Amino acid sequence: MKIIGKFPSTRLRRVRNSDWIRRLVSENNLSASDLILPIFITEGKHKIEKIKNMPGVNRFSLDNLPKVLDKAEKYKIPMIALFPNTPIKKKDIKGSEALNEDNLVCKATRIIKKRYKKFGIMSDVALDPYTTHGHDGIIVNGEVDNDETLKVLEKQALLQAQSGCDVIAPSDMMDGRIGIIRKILDKNKFYNTKILSYAVKYASNFYGPFREAVGSRSLLKGDKKSYQMDFKNYNECIREVAMDINEGADFVMVKPGLPYLDIISHIKKNFKIPVFSYQVSGEYSMIMSAVKNNILSKKAIYESLISLKRAGSNAIITYFALDILKNIEKFK
Ligand code: PBG
């Protein structure tokens with residue numbers, strides 16, 4: 001690129017010297033329309049459980065959901081994402097609870113759909129909240145078997161759509177799942193049920209607090225490297241996204257967020273499809289603990305979200321969604 005402008009006729013500080021001009025030339029913005037709020041749900045009644053290592057994030061029993069949903073509605077959040085904490089007695093090696101039409105996610109979806117009309121509901125398709133080994137798929141001969149897992153994911157996706165889920169989000173990273181899910185949804189006339197593919201999901205060390213929250217951390221045997229992506233890789237994300245678009249994904253997700261800004265930007269430049277990013281639990285915990293200990297200002301939260309947008313995210317899943325909207329005028 002040609003360098004334009006020379007000092008002293010050009011002074012870049014000229015357009016930074018007051019708030020009104022900074023507002024006019026700013027290239028990015030953040031509002032409720034950019035945010036997706038994840039919500040952890042748990043069985044039982046009258047429960048609001050704290051999550052270790054995620055200060056400010058709670059698990060809600062279904063009767064207490066209005067406590068968080070009323071706020072989501074008030075701040076005009078466009079979509080919530082449901083994540084279940086399944087009691088250990090309901091977990092097994094095949095994750096059968098995923099196919100129970102009265103499991104937490106299906107029940108919650110039905111209840112929320114009845115009372116709240118203004119936001120969309122997204123739910124993960126993957127088996128890890130339901131398996132005793134904490135993996136996202138079915139184990140055959142000691143390995144997570146791709147095609148055996150697809151048979152279950154297909155049924156799980158249909159069940160969630162039947163319960164009222166608007167956006168099916170396969171987070172399992174099996175090959176071929178988007179195509180199979182699109183096909184079963186269409187066959188059952190769920191033409192408008194959308195698919196958000198976790199197309200670019202890395203085998204990351206930043207998921208620890210989330211696994212704690214859904215109760216899979218202590219159960220997980222080994223790691224997820226045989227299905228989630230190697231965090232050393234860059235170009236591989238193009239093939240993941242291209243294949244998922246061909247199979248019928250409506251939008252794709254990059255996960256985690258902040259350590260993967262290069263990936264978000266690479267996808268944005270190569271595909272004209274909405275790209276979502278997930279500011280994951282470990283990112284939340286790091287920033288939040290620094291804020292709690294007065295090491296960082298709360299404005300760092302806003303900055304982290306703007307950087308995800310600047311990289312090319314259309315929307316961001318973040319545990320900060322409510323907090324940021326409450327304070328947004330102060331943070332800008
Ligand atoms: C489950 C799933 C995970 C996250 C979202 N869905 C964890 C994992 O893959 O082990 C992580 C989200 C977060 O850390 O906030 N497949």
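Since we're looking at a predicted model, the values are computed, not measured. One-based numbering, in listed order, for ligands and for the atoms of each. In what follows, every heavy atom counts, from backbone to side chain, and hydrogens, waters and symmetry copies are set aside.
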| task | Using a strict 4.0 Å cut-off to heavy atoms of K201, name the atoms of ligand 1 that fall inside it. | result | 1 (C), 2 (C), 3 (C), 6 (N), 8 (C), 9 (O), 16 (N)
| field | Closest approach of P274 to F251 (non-hydrogen atoms, all atoms of both residues) | value | O-CB, 3.4 Å
| Any sub-3.5 Å donor-acceptor pair from R22's side-chain atoms to R16's backbone N or O? | yes
| So with a 6.0 Å cut-off around CD of E236, is the heavy-atom count from everything else above 12? | yes
| query | Listed by chain and number, what are the side-chain contact (heavy atoms from CB on, under 4.5 Å) partners of E101, not counting sequence neighbours? | reply | L159
| field | Residue portion contacting ligand 1 (non-hydrogen atoms closer than 4.0 Å) for Y284 | value | neither
| task | Identify whether the distance between the nearest side-chain nitrogen and carboxylate oxygen of K47 and D63 falls below 4.0 Å. | result | no
| remark: Note: heavy atom closest to atom 6 (N) of ligand 1, options T318, D172, D124, I317, belongs to D124
| query | Between D136, L127, V57, which one has a non-hydrogen atom sitting closest to atom 16 (N) of ligand 1? | reply | D136
| Student check: side-chain heavy atoms of Y302 and I324 closer than 4.5 Å | yes
| request: Mark the output for K255 as yes if a heavy-atom distance to ligand 1 is under 4.0 Å, and as no if none is. | output: yes
| message | Show the atoms of ligand 1 that are less than 4.0 angstrom away from any heavy atom in R211. | response | 8 (C), 10 (O)
| Q279 heavy atom under 4.0 Å from ligand 1 | no
| message | Going by ring pair (Phe, Tyr, Trp, His ring centres under 6.0 Å), name the residues that satisfy it together with F271, two or more places apart in sequence or in a different chain. | response | none
| task | Show which atoms of ligand 1 fall inside a sub-4.0 Å distance from at least one heavy-atom site of K224. | result | 8 (C), 9 (O), 10 (O)
| query | To the nearest 0.1 Å, how far is atom 14 (O) of ligand 1 from its closest protein heavy atom, and which atom is that? | reply | S281 OG, 2.7 Å
| task | State if Y278 counts as touching ligand 1 under the rule of any non-hydrogen atom under 4.0 Å. | result | yes
| task | Please indicate whether any nitrogen or oxygen in Y198 is less than 3.5 Å from any nitrogen or oxygen in ligand 1. | result | no
| request: Would you mind running through ligand 1 and noting each atom that sits below 4.0 Å from a heavy atom of S171? | output: 1 (C), 6 (N), 16 (N)
| Is M253 close to V200 at the side-chain level, that is, under 4.5 Å between some pair of heavy atoms? | no
| request: Show which atoms of ligand 1 fall inside a sub-4.0 Å distance from at least one heavy-atom site of Q228. | output: 8 (C), 9 (O)
| query | When rounded to the nearest 0.5 angstrom, what is the spacing between CZ in F276 and OH in Y198? | reply | 11.5 Å
| said: Please compare F210, F83, F40 and report which has the shortest non-hydrogen distance to atom 12 (C) of ligand 1. | reply: F210
| note | Quick look: D128 vs ligand 1, heavy-atom contacts under 4.0 Å, and the answer is side chain
| query | Is there a donor in the side chain of Y116 and an acceptor in the side chain of D70, or the other way round, less than 3.5 Å apart? | reply | yes
